[in-house]
Amino acid sequence: MAEQELSQDFKKWVGQSDMPAGKKKVVLAALELFSKKGFDGTSTQEIAKTSGMSQATIFKYFKTKEDLLEFIITPLMNNIFPVYVNDFQKELVAKKGNIEDLIHFVVQNRYHFLVDNREVALIVLSEILTKDKFRDKFVELVEKRGSDIIQVFVKMAHETGQIRADIKPETIIRMVVSQILFYFVQNNKVLTPKSAEETKQDLAEIEKVVISAIKK
């Protein structure tokens, strides 16, 4: 499988930065371990072993393990995630059809984006669910980038007349996002991953739930 795009872009960002070579090794080792074992399940000793650096070197560059995590997540949210959000927005605007087609595209596209970028997605999702600092960063990103996406649903509601008048576009986004994120974490972190066919059926069920809630 080709290297995951978000991970690849982050590693490219690290590679092109002017940080010392030892620091780069620590950051990339932490990225790998945090995605596999979670932040709390990863020790600095493991990061040192994977990176080939000493623990003293790790603490030379990062006062705490939390600082190391923030060093990874901050550029992802500030510089890398927005590019992918913009790309998705362009694809969404270009979509034609009814509400069923739109919801199908959003559910399938965003779920498979998360799966294709599982390494980074699991790190970020784990932290925004448990740490206020990263949750606030995520909310800020959504507020900055979400308004244009919401307008797509406003336009769809106006043009097709299929969406209930008493339901806000923000509610639709929140419903879709929560369903996709919960299923992704369940299928990729909590439980044994399902087969491709089972996943296809589950995503179809998510689409049905959303459509039945928002359609006239």
With rounding to the nearest 0.5 angstrom, report the [atom1] to [atom2] distance, [X] to [Y].
| X | Y | atom1 | atom2 | result |
| --- | --- | --- | --- | --- |
| Ile172 | Ile214 | CD1 | CD1 | 4.5 Å |
| Met19 | Gln16 | CE | CD | 11.0 Å |
| Ile180 | Glu207 | CD1 | CD | 9.0 Å |
| His104 | Ile206 | NE2 | CD1 | 12.5 Å |
| Ile58 | Lys25 | CD1 | NZ | 12.5 Å |
| Leu68 | Phe59 | CG | CZ | 9.5 Å |

Discussion item. Taking Glu46 first and then Lys49, would you say they form a salt bridge - that is, a charged N and a carboxylate O separated by under 4.0 Å?
Written reply: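 Between Lys49 and Glu46 there is no salt bridge, as every charged N stays at least 4.0 Å from the carboxylate O atoms.
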Discussion item. Quick test of your reading of the model: are Lys36 and Glu32 salt-bridged, counting only N-O distances below 4.0 Å?
Written reply: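 Looking at Glu32 together with Lys36, the answer is yes, because their closest N to O distance falls below 4.0 Å.
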I'd like to know if the side chain of [X] reaches the main chain of [Y], judged simply by a donor and an acceptor atom lying under 3.5 Å from each other, with no hydrogens or angles considered.
| X | Y | answer |
| --- | --- | --- |
| Asn109 | Phe88 | no |
| Arg164 | Ala213 | yes |
| Lys24 | Gly15 | yes |

Worksheet item: For Phe10 and Val27, what are the C-alpha separation, side-chain angles and deciding distance, and is it a side-chain contact (heavy atoms from CB on, under 4.5 Å)?
Response: CA-CA 10 Å; Phe10 179 77; Val27 170; 3.7 Å; yes
Which heavy atom in [X] sits nearest to a heavy atom in [Y], and how many Å separate them?
| X | Y | result |
| --- | --- | --- |
| Phe105 | Glu91 | CZ-CB, 3.8 Å |
| Glu100 | Gln162 | OE1-NE2, 3.5 Å |
| Val26 | Ile47 | O-CG2, 3.9 Å |
| Asn98 | Asp101 | OD1-N, 2.9 Å |
| Lys194 | Glu198 | CB-OE1, 3.4 Å |
| Ser17 | Val14 | OG-O, 2.7 Å |

Worksheet item: Any side-chain heavy atom of Lys11 sitting closer than 4.5 Å to one from Leu31?
Response: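 In contact.
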Worksheet item: So do Leu181 and Leu114 actually touch side chain to side chain, heavy atoms under 4.5 Å?
Response: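 Yes - at least one pair of side-chain heavy atoms lies under 4.5 Å apart.
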Are [Y] and [X] connected in a single hydrophobic cluster, I mean Ile/Leu/Val/Met/Phe/Trp/Tyr linked by side-chain heavy atoms less than 4.5 Å apart?
| X | Y | answer |
| --- | --- | --- |
| Phe184 | Ile173 | yes |
| Phe182 | Leu125 | no |
| Val177 | Met175 | yes |

Discussion item. Applying side-chain contact (heavy atoms from CB on, under 4.5 Å) to Thr64 and Leu69, what does each step give before you reach the verdict?
Written reply: CA-CA 9 Å; Thr64 65; Leu69 175 66; over 6 Å; no
Item to complete: Please lay out, stage by stage, how Lys216 and Ile99 fare under the test side-chain contact (heavy atoms from CB on, under 4.5 Å).
Response: CA-CA 11 Å; Lys216 286 182 179 178; Ile99 191 62; over 6 Å; no
Practice prompt. Apply side-chain contact (heavy atoms from CB on, under 4.5 Å) to the pair Tyr61 and Met53, showing each step before the final yes or no.
Written response: CA-CA 11 Å; Tyr61 297 122; Met53 299 288 106; over 6 Å; no
Worksheet item: Parallel, tilted or perpendicular: which fits the ring planes of Tyr183 and Tyr111, with parallel below 30° and perpendicular above 60°?
Response: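 Tilted.
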Worksheet item: Would one find more than 12 heavy atoms of other residues, nucleotides or ligands at under 6.0 Å from atom NZ of Lys23?
Response: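 Result for NZ/Lys23: enclosed.
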